[in-house]
Amino acid sequence: MEFQAPRGTTDVLPNDQRYWRYVENTASQVAESFGYRRIDTPVFEDTNLYIRSIGDSTDIVEKETYTFSDRGGDSLTLRPEGTASVCRAYMQHGMHNMPQPVRLFYLCPNFRYERPQAGRFRAFHQFGIEAFGESDPYIDAEVIEVSWRFLTSVGIDDISLRINSIGDSNCRPKYVDALQTYYQNYSQSLCPDCVRRLETNPLRLLDCKMESCQPVIQSAPKSTEYLCPPCNAHWVQLQEYLETTGIGYEIDNTLVRGLDYYSRTVYEITPPTERRTNVIAGGGRYDGLLEQLGGPTTPGIGFGMGIERVIENIRRLEINIASNPKLSIMFAHIGEGAKKEAISLSSQIRRLGKEAFVGPSRGLRSQMRYASHMNSSHVIIIGDDELSTGLYTLRDLSKGDQTEITADGILNFVKTHDIGQKVD
RNA sequence: GUGAGCGUGGCCAAGUCGGUUAAGGCGCCAGGUUGUGGCCCUGGAGAUCGAGGGUUCGAAUCCCUUCGCUCACCCCA
């Protein structure tokens, strides 16, 4: 085989489509039930949008973007995450003039040049929401609740929520200082990665997985102990509101996130397994981001959720996805005249909005077998006898019985048997 | 970028201390039922054994190279 799907990409075959429909439909319903409205943005944006938002020293921007020049010489980048685009759209369309908060959700593909592995792809899909213009922590709890309700609605309920607050531009620098000072004392016992992190990204010291670094992490200063009064009030209220929604949570002071724009609230939702790649959803607050992108000072918060990872968990839990059987008619035909009648009648049925198609030009036995494998609900058999009498054979594949029926009778049958009819 | 495992018809796969025509199952096609599916029976098509090179009288099997897939690290959804 000369061609295959590029590394890190997958084909969603017909048999798997039901998972995607199920997830996308549930996501839309849940988000809309909270008052969120769908937004779609381009798959590529000005490269600088991502540099300015995600951060030019993050792994995503440093080595994972798909960046190219178009024929006019502009540098464009395939969307690596959803928040930046939505922020850009919020500013571009003057949504700060709309009643605040503005609640938006999206379902879209994202691209990151990474080595694929379990639950990680180069082309992947996210369901996400963003809420702009509200700094009160009730909206933090709401955003968390949307992701939680979605996952439980879809049937994944063995999940756990971890939250943390990393402060804002006022108090976080003091915490980072304290963290660095603390780590200086252990510099000789740290893993090589952590030695590097100490300089480049001190917050990430906290989620090192190396066994040898765990004791150091355990007794490290906690960000929540360094919060300034406003951040602390926000943090305390968030927990109260979360408790009001009845969602169980765990405070994880080692939880930090890989994008530079987060402030105050950060959170992750994981299934019971230990592997970090199993993080299904992650998000947080980004109060300085819009201003950083040249917009008005506007608070914002949101999450991103990996659809492939959601589906992976649906499969793991063997969640039953109901799919309505529907009316689907195949025309089996014997002879050229019968074939033309099959083409004509199936076309008329389709114009009524129902599924119908012509059987393959093979023997009747083979056509019947095809109908069966195509999950047709009914077969109409047309041969010389039927053409001369005008009475066709209508066979119900689920019941296994059949009757005589006229052409008009067929059309009437189709009109009165609607989609969703139980056929198996 | 680093490390490990694996690549045999569309899919799952036996064979891998080299030896005549590369098992089997699923799926596909056909026949059994001269016009009737899902079960069953019979037959058929379909593989340059990932690719290239080497060793050998002889290579799916041994050696080298290369590509691909998977998993893990980094990082993330």
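In this text the structure is predicted, and so the values were computed from the model without any measurement.
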ask   = If you pin A:Arg257 and A:Arg362 to their nearest nucleotides in RNA chain B, which one's is more 5'?
value = A:Arg362

5′-ward residue of the pair A:Pro116/A:His125 relative to RNA chain B = A:Pro116

[X] has an atom [atom1]; how far is it from atom [atom2] of [N], in whole Å?
X        : N     : atom1 : atom2 : value
A:Leu13  : B:G27 : CG    : C1'   : 15 Å
A:Met368 : B:U33 : CE    : C1'   : 13 Å
A:Ile329 : B:U36 : CD1   : C1'   : 17 Å
A:Glu312 : B:C71 : CD    : P     : 9 Å
A:Met374 : B:C28 : CE    : C1'   : 15 Å
A:Leu364 : B:A30 : CG    : C1'   : 15 Å

With heavy atoms under 4.0 Å as the rule, sort [X] into base, sugar-phosphate or nothing.
X        : answer
A:Ala332 : nothing
A:Asp385 : base
A:Ser366 : sugar-phosphate
A:Gly400 : base
A:Glu81  : nothing
A:Arg122 : nothing

request  = Calculate, to the nearest 0.5 Å, the distance between atoms CG and CD1 belonging to A:Asn313 and A:Ile159 respectively.
outcome  = 9.0 Å

Considering only heavy atoms and no angle criterion, is a donor-acceptor pair shorter than 3.5 Å present between the side chain of [X] and the base of [N]?
X        : N     : value
A:Arg365 : B:G37 : no
A:Arg115 : B:U2  : yes
A:Glu386 : B:G35 : yes
A:Glu114 : B:A77 : yes
A:Gln117 : B:U70 : no

Span that lies between the [atom1] atom of [M] and that of [N], in whole angstrom:
N     : M     : atom1 : result
B:C63 : B:C11 : C1'   : 32 Å
B:U33 : B:U70 : P     : 48 Å
B:U55 : B:G18 : C1'   : 11 Å
B:A60 : B:C17 : P     : 14 Å
B:C6  : B:G44 : P     : 36 Å
B:A59 : B:G52 : C1'   : 15 Å
B:C57 : B:C64 : C1'   : 23 Å
B:A22 : B:C12 : P     : 22 Å

Which nucleotide in the list [options] gets nearest to the side chain of [X]?
X        : options             : answer
A:Arg197 : B:C75, B:U70, B:G35 : B:C75
A:Ala118 : B:C75, B:A77, B:C71 : B:C71
A:Arg120 : B:C75, B:G37, B:U36 : B:C75
A:Gln4   : B:C74, B:A30, B:C69 : B:C69
A:Leu397 : B:C28, B:G37, B:G35 : B:G37

request  = Indicate whether the side chain of A:Glu130 and that of A:Tyr286 have a donor and an acceptor atom separated by less than 3.5 Å.
outcome  = yes

ask   = Are side-chain N/O atoms of A:Thr41 and A:Arg79 paired as donor and acceptor at under 3.5 Å?
value = yes

query = Which dot-bracket notation, 5' to 3', represents the base pairing of RNA chain B when pairs are defined as Watson-Crick or G-U with both distances under 3.5 Å, crossing pairs as [ ], and inter-strand pairs as |?
reply = ((((((((.[[[..)...(....]]].(((((.......))))).....[[[[[..)....]]]]])))))))....

key: cation_pi(A:Arg122, A:Tyr113) dist<6.0 Å, angle<=45   = yes

query = So among A:Asp385, A:Ile380, A:Asp384, which one has a side-chain contact (heavy atoms from CB on, under 4.5 Å) with A:Ile382?
reply = A:Ile380

query = So, are A:Asp59 and A:Arg204 salt-bridged, with charged N and O less than 4.0 Å apart?
reply = no

key: Enclosure of A:Tyr66 OH (heavy-atom neighbours >12, cutoff 6.0 Å)   = yes

request  = Check the geometry between A:Tyr370 and B:G37 and answer yes if their rings are stacked (centres below 5.5 Å, planes below 30°), otherwise no.
outcome  = no

ask   = Can you name the one residue among A:Tyr19, A:Trp20, A:Phe111 that meets ring-ring contact (aromatic ring centres under 6.0 Å, His included) with A:His125?
value = A:Trp20

